[in-house]
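No hydrogens, no waters, no symmetry mates; every other heavy atom, side chains included, goes into these values.
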Amino acid sequence: MTNYDYGLFVIGAGSGGVRAARMAAGMGVRVAIAENRYFGGTCVNVGCVPKKLFVYASHFHEDFRAAKGFGWTVGGAQFDWPRLLANKNQEINRLQGIYENLLDTSGVTIYEGQASLVDAHTVRVGDQQFRCGRILIATGGWPAIPDMPGKEHIVSSNEMFALEALPKRILIVGGGYIAVEFAGIMHGLGVDTTLCYRGDKLLRGFDEDIRDFVVQEMRKKGINILLNTQINAIAKTASGFTAQTEEGSALEADLVLYATGRTPNIAGLGLEALGVELGESGAIKVNESYQTNIPSIYALGDVTHRINLTPVATAEAMALVNGLYSDKRTPVDYDNIPTAVFCQPNVGTVGLTETEARKRFDDIVVFKSVFTPMKHTLSGLGEKTLMKMIVRRSTDKVLGIHMVGADAGEIIQGMAVAIRAGATKAIFDSTIGIHPTAAEEFVTMRKPVD
């Protein structure tokens, strides 16, 4: 590769792209990276990180209410949206600087601007062109807004992190991670919140008990959830916006957020002209080595539209770089990937859902517990926790663990280790619990529900 300007040129400085660039540079490869928006990608700037900061902020209203049950008198609490926004921006700027510094100290050459492919070995950034041995596309995803009357009045999750002021009323359309998370955030910050979804349940792909329980708990908190409701048009009014439903009703709001999915961010890359094979919604098709139909061009992360999670993109980056530049192989195991939804209460899950397990095996046994966690015995808030375990009877192997409740993501991370290690129900039963915690319920469930 001595005839090339760079052995590897990475397009996109999100989590996957940065990890790949740094690792390859550390192995002696001459690496460049191009980013046209912000270092850290969606997760750091308009995704996981600021979202969870907003979740923390929105939960204080319940903490203040709960304090009374523990003997505290709390009065005069006021929320300042501009202050939260400024503090969030300061933290994001700090993280952006860390990402840029990590690249710089790794010896990666940084180009700021839109990169596009000229041919299988040439990248253009602005008025510069570079010959590259390999090209990696890691440009992530972008919010999808449906083509409908009034779409110009709709905001996406990107804009939610930079609102000048909070609305009094918000209509959130969607039923996935982003929709249910922002419903909790907005409601917690005092916004009159309506969540509208065309399906009959939220969080498609999650365990059915989880889906039902989340709606139950969100409604208890005061979030208005409209299921089986399709929006046909958005119109501007003197007092805000009106959303017309297929059923003939009108929903009024001061802000309309669509969280109806994300599409691969391939605009401006020149992939079609070059003949890079694309799948549904523009996803870049790759083989098990993250290689496209053009051998010198690779892609990973959300732009391939498979499992769109930040840790998956970084794992794919490690697998790719190790496979290309070392004799170490670190293939990504896509089974039993844990995930969390930071709605309120949180969802944490790993492994098979009950439906998936029953489709694969005919000897499934289910353990489930619904209870009031210790904090809420005095808080007066009435929030419940759900824990569920899926076990195969013939092997005693735990196939799936699911939870809705405080700190579910923190708890399920440890459960994911156990499942990947092949833990059986007997191992869980023989493990001594930490008392008093919610997590100990996972090692004390003895009676199956069926």
Side-chain angles (χ1 to χ4, degrees), residues 1 4-54 56 84-116 123-128 130 132-142 157-158 161-162 265 268-269 290 298-303 308-326 328 330 332:
M1 297 191 178
Y4 295 114
D5 297 309
Y6 297 101
L8 176 66
F9 197 107
V10 181
I11 303 176
S15 298
V18 169
R19 177 65 62 87
R22 291 178 57 215
M23 282 188 64
M27 294 177 181
V29 181
R30 183 169 169 79
V31 181
I33 193 167
E35 174 56 54
N36 70 338
R37 194 166 282 108
Y38 28 53
F39 291 99
T42 295
C43 182
V44 167
N45 294 276
V46 287
C48 325
V49 173
K51 169 201 67 186
K52 196 164 184 186
L53 293 175
F54 282 7
Y56 286 138
L84 172 61
L85 213 59
N87 290 343
K88 181 269 296 182
N89 290 340
Q90 182 179 359
E91 173 61 9
I92 299 310
N93 290 338
R94 184 185 72 85
L95 293 174
Q96 287 176 346
I98 288 175
Y99 270 79
E100 186 172 5
N101 184 62
L102 287 171
L103 289 167
D104 189 53
T105 56
S106 298
V108 177
T109 303
I110 300 171
Y111 295 97
E112 296 190 36
Q114 173 66 53
S116 60
V123 175
R124 178 189 292 118
V125 184
D127 57 1
Q128 299 182 84
F130 307 99
C132 313
R134 294 186 176 99
I135 299 166
L136 171 61
I137 301 169
T139 47
W142 198 252
S157 56
N158 287 359
F161 295 105
N265 184 22
L269 294 176
Y290 312 104
Y298 298 77
L300 55 76
D302 289 13
V303 77
N308 299 340
L309 297 170
T310 295
V312 172
T314 57
E316 289 178 342
M318 294 171 65
L320 171 64
V321 172
N322 281 329
L324 291 178
Y325 302 113
S326 78
K328 180 182 179 183
T330 55
V332 178

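Panel note: side chain Arg30, backbone Asp5; a donor-acceptor pair is recorded below 3.5 Å. Side chain of Glu316 to main chain of Gly301: a donor-acceptor pair is present (N/O by atom type, distance under 3.5 Å, no hydrogens or angles).
Taking both residues in full, the closest heavy atoms of Ala317 and Gly16 are given as CB-O, 3.3 Å, listed atom of the first, atom of the second, then distance. The minimum heavy-atom distance between Cys48 and Thr310, with the atom names listed, is SG-OG1, 3.7 Å. Nearest heavy atoms, Thr330 versus Ala319: O-CB, 3.1 Å. Of all heavy-atom pairs between Leu103 and Ala21, the closest is CD2-CB, 4.0 Å. In this structure, Val123 and Cys132 approach most closely via the heavy-atom pair CG2-SG, 4.0 Å. The two residues Val108 and Ala25 come nearest to each other via the heavy atoms CG2-CB, 3.8 Å.
The residue from Val125, Leu136, Thr109, Val31 that alone fulfils the side-chain contact (heavy atoms from CB on, under 4.5 Å) condition with Phe9 is Val125.
Rounding to the nearest 0.5 angstrom, the gap separating the OG atom in Ser15 from the CG atom in Asp302 is 9.5 Å. In this structure, CG on Leu300 lies 9.5 Å from OG1 on Thr314, to the nearest 0.5 angstrom. One finds the CZ atom of Phe39 at 13.5 Å from the CG atom of Leu95 (value rounded to the nearest 0.5 Å). Rounded to the nearest 0.5 angstrom, Tyr290 OH and Ile137 CD1 are separated by 15.5 Å. The CG atom of Leu85 lies 5.0 Å from the CG atom of Asn89; values are rounded to the nearest 0.5 Å.
Aromatic rings of Phe161 and Phe54 (six-membered ring for Trp) have centroids within the 6.0 Å cut-off, being under it.
The shortest distance between side-chain heavy atoms of Tyr38 and Ile92 does not fall below 4.5 Å. Looking at Tyr298 and Leu324, their side chains come closer than 4.5 Å, going by heavy atoms from C-beta outward. For the pair Gln114/Leu269, a side-chain contact is recorded, criterion being any heavy-atom separation below 4.5 Å from C-beta on.
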Begin with the C-alpha distance, continue with both residues' side-chain angles, and end with the deciding distance and a verdict on side chain to side chain contact (heavy atoms under 4.5 Å, CB included) for Ile11 and Glu35. CA-CA 7 Å; Ile11 303 176; Glu35 174 56 54; over 6 Å; no
Carefully, step by step, assess Arg37 and Asn265 under the rule side chain to side chain contact (heavy atoms under 4.5 Å, CB included). CA-CA 12 Å; Arg37 194 166 282 108; Asn265 184 22; 4.0 Å; yes
Step by step, would you call Tyr99 with Arg22 a side chain to side chain contact (heavy atoms under 4.5 Å, CB included)? CA-CA 10 Å; Tyr99 270 79; Arg22 291 178 57 215; over 6 Å; no
Is there a side chain to side chain contact (heavy atoms under 4.5 Å, CB included) between Asn322 and Met27? Walk through the geometry before answering. CA-CA 9 Å; Asn322 281 329; Met27 294 177 181; 3.2 Å; yes
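Between Tyr111 and Phe130, the ring-plane angle classifies as tilted under the 30° and 60° cut-offs.
A salt bridge does not link Glu91 with Lys88: every distance from a Lys NZ or Arg NE/NH1/NH2 to an Asp or Glu carboxylate oxygen is 4.0 Å or more.
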